[in-house]
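Letters go in sequence order (proteins before strands), and every chain restarts at 1.
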Amino acid sequence: MTEDLRQSLRQAAEAGEVLPVEGPEVSWEYPSEPDFGDLATPVAFALARSLRRKPRDIAELLQRCLDLDPRVVDRVEVGGAGYLNLFLTKGFWQQVVPEILRAGQRYGRSQVGVGKRAQVEFVSANPTGPLHVGHGRGAAVGDALASLLAAVGFDVEREFYINDAGTQIEMLARSVLARYRQSWGREVVFPEEGYHGEYVTDLAARLRERYGEKFVDLPEQECLPVISEFSTHLMLEEIKGDLDRFGIRFDSWFSEKALLSRWGPTDRTRLLEAARNLLGRYVYEAEGAVWLGTSAFGDDKDRVLIRANGEPTYFLSDCFYHRDKFERGFDRLIDVWGADHHGYIPRVEAALQALGHPAESFHVLLVQMVTVLRGGASVPMSKRSGEFVTLAEVVQEVGRDAARFTFLTRRSDSPLDFDLEVATAQSLENPVYYVQYGHARISSVLREAEKAGYPGPYLDAPVELLDVGEELGLLKQLALYPEVVEATALAYEPHRIPVYLQNLAGELHSYYNKYRIISADRPLSQARLALVSAIRMVLANALGLLGVAAPERM
RNA sequence: GCGCCCAUAGCUCAGUUGGAUAGAGCGCCGGACUUCGAAUCCGUAGGUCGCAGGUUCGAAUCCUGCUGGGCGCGCCA
């Protein structure tokens, strides 16, 4: 719609011979003041300089030349110092209702991503402990982003990368072994950098159930591979369970260990060969280690791929991993990372450029830290000390919908204070319930309508009867929804959806309190029922993108 | 020391590519249920958009410097 207007404005401008050779960039905004119309463009300002004329004169000239569809555009005014304000016809807004009712769940979906494959990788927690709140935020954001991209046409895959190789896994195994031996009454020194959480003791107990005293006196080197496997398997099951209860489903679980084993035993020679094959001339050896020349692509310094002891770094795995992703045919890769990993971005970007992939095809969405507050005091969190608030606890305490909405309402860029007591105590005033209540309320009205002899689906309702200010405001909100979804997806900013939802729900509640939907006036009732049905549809669609339920009763 | 992120009403936060008079929720105070759900609504109050410059017809938004806070700077992940 805006594109049509842009086109005709361009033509008008050219006809009026006021333009430079190139057509101007026509930008639109939605004025907050009704007096300024439904759509406005400051295009005259942009032309003022090159034409050396007053913006207002140009705007007036454009106004006279415009040839717009009278069914859509009611009138055009020049406002302020040179704004072109377009007033659209009521009919244009009203027709959005049958459009939504016909499209149903498809309303708000679009086509920009059609034919392109995108992958969103998120959570990707080490299986060395349960998921904490920070992972929860990443999970909510990643999942919503994936849904958004799918809504605008991308073929989307959700992937969880399992860091099941390397020193952290070994550390977990050694921690479990220590607890296990302690449970048999042995005096053992707990690993210095070991994991102290209670779950480690639980894992040791499970190990004991399964293997009895098998590992009590066995040399460490023989125990560790089995215990690693055993522990990471159990942790991963727990992680999957937590995510499932949070409503997150992954299409793909990708194992680092399996990735590395493609090159056979992970010895230095084979890894070096693989790295050379992949990254070519940017790989070099120095000081006993193997390096990648990432500084050639803007990183602060070069990075180690294979340590002097022959062990691969996490970074080498990541090079292989992202290479593999591209080989799987994705046009666009998005990694959702905790902000504490931001320093890692330049080297991965550098590696991908060394692999020959354009910078735009890869994007890291940083999600800032979550500070959990209990009674106003922050709860210190450290996986190694074992002191942290888990995702499972949060879901238990505040509920899945409220937790998701809270994670998604703020920009990923801003740190989040999550006060458990406040979230629980204020649960009835939580914005998520405000929105859900709107959905439930309409559902209730529609049930009443059924009883009153106004059955749905109102496809042919006389929507031309919708013309009070509140109704037109609602119609405009509804018409805007597809653009909101598209902009939100392409900007990777899921928080815009909760903002939109709160606005829409707010207008709905005001409207509801001022007007009656069901009355003796049959045509008017039909029209209003059609309107609220459309609102309910949009609420449900948008909540669906967030992974939040749209209840018919609360 | 270097790098990234943040700073908007008492609190928590929005503010779309730079646009017209910067918004909402919570909290305070005062109102609205014999009628479709009061988990709602209506009204009042609340601001040097951290500070200082700059770019622009126009800046909360872009640039530079500064202040304050978070995070990172390993042959850890």
Side-chain angles (χ1 to χ4, degrees), chain A residues 25 27-33 35-36 40-42 44-46 48-49 54-55 79-83 85 126 128 163 166-169 171 193 287-291 300-301 303-315 317-318 338-346 366 368-369 371 383 406 409-417 419 422 426-431 433-434 436-438 440-449 451-452 480 483-484 487-488 491 493 495-496 498-500 502-503 505-506 508-519 525 528-529 532 553-554:
Chain A
E25 268 313 299
S27 63
W28 293 106
E29 55 196 76
Y30 302 95
S32 48
E33 288 288 319
D35 289 348
F36 299 152
T41 177
F45 293 109
R49 167 173 286 194
K54 288 181 187 164
Y83 274 91
N85 295 329
N126 288 356
T128 55
N163 294 126
T167 53
Q168 296 310 314
I169 295 297
M171 191 54 70
E193 303 268 307
E287 299 164 43
V290 177
W291 300 71
D300 293 339
K301 55 182 176 182
R303 305 293 174 174
V304 171
L305 294 169
I306 306 171
R307 293 185 255 165
N309 67 7
E311 291 284 320
T313 59
Y314 179 85
F315 179 50
S317 297
D318 247 349
D340 53 341
H341 287 68
H342 72 260
Y344 200 76
I345 297 174
L366 285 181
Q368 283 289 339
M369 303 286 99
T371 306
K383 206 171 196 179
T406 302
T409 302
R410 287 166 187 76
R411 287 162 55 219
S412 306
D413 269 350
S414 337
L416 167 60
D417 285 342
D419 191 318
V422 170
Q426 294 188 340
S427 64
L428 295 186
E429 287 158 3
N430 191 307
Y433 296 107
Y434 183 78
Q436 287 182 320
Y437 182 62
R441 190 176 229 180
I442 295 173
S443 300
S444 172
V445 171
L446 294 178
R447 286 191 295 268
E448 287 301 314
K451 289 184 215 159
L480 198 56
E483 285 180 46
V484 170
T488 300
E493 291 184 359
H495 76 277
R496 294 189 199 178
V499 171
Y500 172 84
Q502 290 179 71
N503 289 336
L508 166 69
H509 289 311
S510 296
Y511 175 62
Y512 180 89
N513 276 279
K514 190 165 172 184
Y515 300 95
R516 273 197 70 82
I517 310 296
I518 303 167
S519 66
S525 298
R528 289 181 170 173
L529 285 163
V532 297
R553 288 189 169 83
M554 292 172 68

Would one find a side-chain N or O of His495(A) under 4.0 angstrom from OP1 or OP2 of rG15(B)? yes
Whom does rG23(B) pair with, Watson-Crick or G-U wobble, provided both distances fall under 3.5 Å? rC13(B)
Candidate nucleotides rC6(B), rC76(B), rG15(B), ranked by approach to the side chain of Arg496(A) - the nearest: rG15(B)
Which part of the nucleic acid, if any, lies within reach of Tyr512(A) when heavy atoms closer than 4.0 Å are counted: base, sugar-phosphate only, or nothing? base
Using purine N1 to pyrimidine N3 plus N6-O4 or O6-N4 for Watson-Crick, or N1-O2 and O6-N3 for G-U wobble, each under 3.5 Å, what pairs with rU34(B)? none
Looking only at atom C1', what distance separates rA77(B) and rG72(B), rounded to whole Å? 13 Å
Just to be sure I understand the rule, does Ala440(A) reach a base, reach only the sugar-phosphate, or reach nothing, if contact means heavy atoms closer than 4.0 Å? base
Ile517(A) versus Tyr511(A): any side-chain heavy-atom pair under 4.5 Å? yes
Whole-Å gap separating C1' (rU35(B)) and CD1 (Ile518(A)): 11 Å
Given rA38(B), rA20(B), rC36(B), identify the nucleotide with an atom nearest to the side chain of Tyr437(A). rA38(B)
Using the P atom in both, what is the distance from rC5(B) to rU64(B), to the nearest Å? 11 Å
Have a look at Ser414(A) and say if it touches a base, only the backbone sugar-phosphate, or nothing, with a 4.0 Å heavy-atom cut-off. sugar-phosphate
Scan every strand shown for a Watson-Crick or G-U wobble partner of rC62(B), both distances under 3.5 Å, and answer none if you come up empty. rG54(B)
Which value, in whole Å, describes the distance between the P atoms of nucleotides rG46(B) and rA9(B)? 15 Å
With sequence neighbours excluded, what pairs up with Ala449(A) under the side chain to side chain contact (heavy atoms under 4.5 Å, CB included) test? Tyr454(A), Tyr458(A), Ile518(A), Leu529(A)
Identify whether any heavy atom of Gln436(A) sits under 4.0 Å from a base atom; if not, whether one sits that close to sugar-phosphate; answer base, sugar-phosphate or nothing. nothing
Taking the same atom, C1', in rG15(B) and in rU8(B), what whole-Å distance lies between them? 9 Å
Between rG37(B), rC75(B), rA20(B), spot the one nearest the side chain of Glu287(A), thanks. rC75(B)
With nearest nucleotides of RNA chain B determined for Ala505(A) and Ala289(A) from heavy-atom distances, which residue corresponds to the more 5′ nucleotide? Ala505(A)
side-chain N/O Arg447(A) vs rG37(B) OP1/OP2, d < 4.0 Å: no
OG1-CD distance between Thr409(A) and Gln502(A), expressed to the nearest 0.5 angstrom: 5.5 Å
d(Tyr437(A) OH, His509(A) NE2) to nearest 0.5 Å is 7.0 Å
Within the pair Arg410(A) and rG15(B), is there a side-chain N or O less than 4.0 Å away from OP1 or OP2? no
Which of rA20(B), rC76(B), rG37(B) is nearest the side chain of Gln168(A)? It is rC76(B)
Where does rC33(B) land, syn or anti, once you apply the within-90°-of-0 test for syn? syn
Side-chain heavy-atom pair Asp340(A), Met369(A) within 4.5 angstrom cut-off: yes
From CG of Leu416(A) over to C1' of rC5(B), roughly how many Å is that when rounded to an integer? 15 Å
May I ask you to say what Asn85(A) touches in the nucleic acid, namely base, sugar-phosphate or nothing, with a heavy-atom cut-off under 4.0 Å? base
What is the distance from NZ of Lys514(A) to P of rC42(B), rounded to the nearest Å? 9 Å
What is the distance from OH of Tyr344(A) to P of rG72(B), rounded to the nearest Å? 16 Å
Mind checking if Tyr515(A) touches a base, just sugar-phosphate, or nothing, with heavy atoms under 4.0 Å? base
From the list rC76(B), rA7(B), rC36(B), which nucleotide is the closest neighbour of the side chain of Arg411(A)? rA7(B)
Whole-Å distance between rC75(B) C1' and Ile306(A) CD1? 11 Å
On a whole-Å scale, what distance lies between the C1' atoms belonging to rC26(B) and rA45(B)? 15 Å
In whole Å, measure the gap between the C1' atoms of rU48(B) and rA7(B) for me. 15 Å
Nearest-0.5 Å distance, CD1 of residue Ile169(A) to CG of residue Asn163(A): 7.5 Å
Is there a donor and acceptor pair, one atom on the side chain of His342(A) and one on the base of rG3(B), closer than 3.5 Å? yes
Of the listed rG37(B), rC36(B), rC41(B), the closest approach to the Arg516(A) side chain comes from rC36(B)
So, does Thr313(A) use its side chain to make a donor-acceptor pair with the main chain of Leu305(A) at under 3.5 Å? yes
Under 4.0 Å, counting only non-hydrogen atoms across every strand here, what does Ala308(A) touch: a base, just sugar-phosphate, or nothing? base
Where the side chain of Ser510(A) is defined as all heavy atoms beyond and including C-beta, which of rA77(B), rC13(B), rC42(B) is the nearest nucleotide? rC42(B)
Partner of rG3(B) under the Watson-Crick or G-U wobble criteria, both distances under 3.5 Å, comes out as rC71(B)
Heavy-atom nearest nucleotide on RNA chain B for Ala487(A) versus Asn309(A): which residue maps closer to 5'? Ala487(A)
Which value, rounded to the nearest 0.5 Å, describes the distance between Tyr314(A) atom OH and Thr167(A) atom OG1? 11.5 Å
For Ile169(A) and rC76(B), what is the distance between atoms CD1 and C1' respectively, to the nearest whole Å? 13 Å
Between Arg411(A) and Glu493(A), is there a donor-acceptor pair closer than 3.5 Å when you use the side chain of the first and the backbone of the second? no
Can you tell me the distance, in whole Å, between the OH atom of Tyr434(A) and the P atom of rA38(B)? 13 Å
Looking at CD of Gln168(A) and CE of Met171(A), how far apart are the two atoms once the value is rounded to the nearest 0.5 Å? 6.5 Å
At 4.0 Å (heavy atoms only), tell me whether Gln368(A) reaches a base, stays on the sugar-phosphate, or touches nothing. sugar-phosphate
Counting only side-chain heavy atoms from C-beta out, which of rC6(B), rG72(B), rU40(B) sits nearest to Asp413(A)? rC6(B)
Give me the distance, rounded to whole Å, that separates rC11(B) from rA20(B) when you measure between the C1' atoms they each carry. 30 Å
Minimum-distance nucleotide to Asp340(A) side chain [options: rC36(B), rC71(B), rA38(B)]: rC71(B)
rG72(B) base stacked by His341(A)? Criteria: ring centres under 5.5 Å, plane angle under 30°. no
What is the separation between atom CG on Leu508(A) and atom P on rA38(B), rounded to the nearest whole Å? 12 Å
Quick note, Tyr433(A) side chain, CB onward, closest among rA39(B), rU40(B), rG37(B) is rA39(B)
When you compare rG25(B) with rU61(B), how far apart are their C1' atoms, in angstrom units rounded to a whole number? 23 Å
Contact class for Lys451(A) vs. all strands (heavy atom < 4.0 Å): base, sugar-phosphate, or nothing? nothing
